[in-house]
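By convention in this document, chain letters (A, B, ...) are assigned in the order of the sequence lines, proteins followed by strands, and residues within each chain are numbered from 1.
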Amino acid sequence: MDQSFKIEEVEMDGVPVVSASGEIDVATAPPLRDRLQALTTSGKSTVVVDLLGVTFLDSTALGVLVGALKRCREAEGDLPLVIREPRILKVFEITGLTGVFPIYESVREAVGSVK
Amino acid sequence: MDQSFKIEEVEMDGVPVVSASGEIDVATAPPLRDRLQALTTSGKSTVVVDLLGVTFLDSTALGVLVGALKRCREAEGDLPLVIREPRILKVFEITGLTGVFPIYESVREAVGSVK
Amino acid sequence: MKTTAAPARERSARPHKTAGRLPRRRIRLAGDATSLREARLLVGETLVNCPSDFRDAAVLLTGELVTNAVVHGGGWFLLQVDASPGRLRVEVTDAIALQPRLLALSGDREHGRGMAIVDALATRWGAEHIGSRKVVWFEICLER
Amino acid sequence: MKTTAAPARERSARPHKTAGRLPRRRIRLAGDATSLREARLLVGETLVNCPSDFRDAAVLLTGELVTNAVVHGGGWFLLQVDASPGRLRVEVTDAIALQPRLLALSGDREHGRGMAIVDALATRWGAEHIGSRKVVWFEICLER
Ligand SMILES: Nc1ncnc2c1ncn2[C@@H]1O[C@H](COP(=O)(O)OP(=O)(O)O)[C@@H](O)[C@H]1O
Ligand SMILES: Nc1ncnc2c1ncn2[C@@H]1O[C@H](COP(=O)(O)OP(=O)(O)O)[C@@H](O)[C@H]1O
């Protein structure tokens, strides 16, 4: 796995929060996909994905997040994202995904949005 | 219809022979398609298509001939072509169609091939 | 798909008569479905002193690109022909963002042979996207 | 898809340090799946004195083309970066005849956003076929 990418997982108010940091691309995305898939499989229908530490993200990363979102929604949950960096947000904007994901500026807000 | 294109139809030894002359392209191909389709519909399973007078032919023309060939073969007939001009033959060669159509150098040979 | 507007023609130079050599010439034709034959004639005329297999290929490939612009590209096209010694470049611009696709050859399918013909006979070819316009082009070199 | 061979690097010029201006520079990187990050770094480094949104776009788009060369293009690629004042051109060559396709955006599909990102951010982009090789390229201009 690429040294430039890291995943951490905590639980806040009973909601799993996956924090990714570094660069997400075709080389580093697989562990993120596996982690999110494992959470849905283990019965977590809503997962907050914290992208505050992400310095780069491409179409492969978007694909992994869209896949996870689909699985969460099928389980009647959701996949709120935490993004602040305009550069990262822009990639979601040009691909029309700001209208698809709930996006928050802090982990606290994202966790708070989960009823 | 384009002035540069003409279709004639005769019968030789009971085999219909459609002779096209001039340029066959997307503008002029429809009457050729209609004529060939009408012959199959009226029960002629084999039609000789004489392209000796054709000065230009493109991928649209190939599509019309492939469509007619399919209909003839479904009716257990065939669609022998008559081509002599290397320039015209070349278009069939580069699209792999010399292995698909029976191709003859004269109308007589093409008609003779029909049992 | 047909419009009654006459195609606009501009020619910026007359061809040089040097047998077997490509004349340096640039032609533009803004056309619609009715201009397909005119497009082929323009290219054939430009290459009148070139070897006939070269000229035939250029005319055939021009027709394929123009047909696609008319059938898939919205009916309107701009043809640009740049002939220089030894090389011909033909560009066909249309207003549809979709790209030409090189389909696999089949003895069965009724369509999908145009770009395969371009790929087989062109020295190089490509497609270029500039905003919502698109240019599909090919080049053939005299010495192959 | 990975090979143990180290990517070959050639640099024909050092970048000029003129803030906000693109340095004239040509870089080639022959790489494989493991060189994706290196390709992005090379482009980012080339544009170190450029406005960050321009640099970010160039790095992102380079990554998209290289990813495609690695995923769809057979794993091997050649990256060429031509930076000249005001303009960056990035070319990624691979050895597969199939073309990149610009897919329609969807909130549902897990793949198919790479070329849409290129189409959205590039000033122009295209694909070119030369025999069985293929070059996918984009250009971004500083003044947009
Ligand atoms: N100018 C164009 N604009 C949009 N799509 C095109 C264009 N040219 C070609 N295409 C696409 O590429 C495909 C293949 O083109 P071609 O090989 O010429 O076959 P055909 O036009 O007979 O389908 C077309 O079916 C179409 O989907
Ligand atoms: N270098 C390439 N070689 C062959 N096909 C390609 C190449 N790049 C892209 N494609 C085709 O174009 C499609 C769209 O590419 P893209 O938008 O980057 O999405 P993705 O790679 O996620 O599928 C790909 O699915 C593939 O079929």
Problem - From CG (C:Leu41) to OG (B:Ser4), nearest 0.5 Å - result: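 It comes to 9.0 Å.
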
Answer with side chain, backbone, both or neither: which region of [X] has an atom nearer than 4.5 Å to a non-hydrogen atom of chain C?
X: B:Phe101; value: neither
X: B:Ile94; value: both
X: B:Leu57; value: backbone

Contacting region of [X] [heavy-atom separation from chain B under 4.5 Å]:
X: C:Asp108; value: both
X: C:Arg40; value: side chain
X: C:Leu36; value: side chain

Practice task
Tell me, yes or no, whether the heavy-atom count around B:Arg108 atom CZ, taken from other residues, nucleotides or ligands under 6.0 Å, exceeds 12.
Solution key: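 Atom CZ in B:Arg108 is not crowded, with 12 or fewer foreign heavy atoms closer than 6.0 Å.
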
Exercise for the section: Verify the neighbour count for atom CZ of C:Arg89: are there more than 12 heavy atoms of other residues, nucleotides or ligands below 6.0 Å? Expected result: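 It does: C:Arg89 CZ has more than 12 such atoms within range.
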
Exercise for the section: Kindly determine whether B:Val64 and C:Glu110 satisfy side-chain contact (heavy atoms from CB on, under 4.5 Å), including the steps that lead there. Expected result: CA-CA 7 Å; B:Val64 166; C:Glu110 296 186 32; over 6 Å; no

Handout entry: Minimum side-chain heavy-atom gap B:Asp58-C:Thr67 below 4.5 Å
Key =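 They are in side-chain contact.
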
Handout entry: Minimum side-chain heavy-atom gap B:Lys90-C:Leu121 below 4.5 Å
Key =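 Yes, their side chains come closer than 4.5 Å.
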
Exercise for the section: Could you tell me which non-hydrogen atom of B:Leu97 sits nearest to which non-hydrogen atom of C:Gly107, and how far apart they are? Expected result: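 Smallest interatomic distance, heavy atoms only, reads CD2-CA, 4.1 Å.
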
Exercise for the section: Quick one: closest heavy-atom pair of C:Val59 and B:Phe56, and the distance? Expected result: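 Looking at all heavy atoms of both residues, the shortest contact is CG1-CE1, 4.1 Å.
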
Handout entry: Test log, rule side-chain contact (heavy atoms from CB on, under 4.5 Å), inputs C:Arg113 and B:Val66
Key = CA-CA 11 Å; C:Arg113 292 185 183 83; B:Val66 167; 3.5 Å; yes

